[in-house]
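Take a look at the structure set out below.
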Amino acid sequence: MGEDALDRVIQLVARLPGLGPRSARRAVLFLLKRRESLMLPLATALSDAANLVRNCAICGNLDATDPCAVCRDVKRDGAVICVVEDVADLWALERAMAFSGRYHVLGGTLSALDGRGPEDLDIAGLVARAKAPAVGEIVIATSATVEGQTTAHYIADRLADCGVKVSRLAQGVPIGGELDYLDDGTLAAALKARRTM
Ligand SMILES: [Zn+2]
């Protein structure tokens with residue numbers, strides 16, 4: 001019984017990105033040695049987050065409230081919406097403190113290889129938001145990968161009739177670069193140097 005419970009935790013932890021069975025065993029042993037100070041608080045925090053955190057119905061961000069804190073913040077500029085692939089990219093831009101508008105999380109990129117089409121991403125929601133009179137600019141901040149570029153061009157086409165300016169992150173984002181891995185300064189520079197599509 002005890003061994004089964006341990007195996008199960010190790011197997012689950014091994015499924016996290018960047019971890020394999022070996023690092024999972026080390027992590028679980030680390031936790032077991034700090035049962036009161038780390039393992040039990042972590043178990044409670046995980047359970048709370050799993051029960052409370054939801055996708056924001058407006059932008060797709062993850063938060064314990066819906067709408068999320070970014071969408072509820074009246075001090076943010078509602079005229080500019082920054083389009084990102086994933087919540088991790090939204091959080092990276094927030095960490096860089098380079099953007100004070102709103103966001104829209106697509107939920108991935110278009111990918112013929114993985115069979116992801118427009119209907120698998122929240123593009124319809126973005127088009128609807130772009131048509132609001134208060135919105136003047138859409139900044140497309142997808143990665144500089146082939147799939148990110150393809151997605152950016154597809155979105156720019158879809159937004160062509162919405163009466164908004166469409167721009168794209170430019171300098172500083174290396175080819176093949178994913179947003180979440182950029183340092184804050186590079187991200188801020190890329191956002192400032194965005195160009196009209
Ligand atoms: Zn939101």
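These numbers come from the heavy atoms of this one structure, side chains and all, not from hydrogens, waters or symmetry mates. Counting convention: from 1, in listed order, for ligands and their atoms alike.
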Are the side chain of [X] and the backbone N or O of [Y] linked by a donor-acceptor pair below 3.5 Å?
X    : Y    : answer
E137 : S167 : no
H104 : G125 : no
R102 : C71  : yes

Whether the E147 and S111 side chains hold a donor-acceptor pair (N or O, under 3.5 Å, no angle test) is what I'd like checked.
yes

Any idea how many protein N, O or S atoms are nearer than 2.8 Å to the Zn ion (ligand 1)?
4

Distance, nearest 0.5 Å, that separates CG of L12 from CZ of R15
5.5 Å

Among pairs that include at least one residue of residues 67-78, which meet salt bridge (Lys or Arg N to Asp or Glu O under 4.0 Å), considering only residues two or more places apart or in two chains?
R76-E94

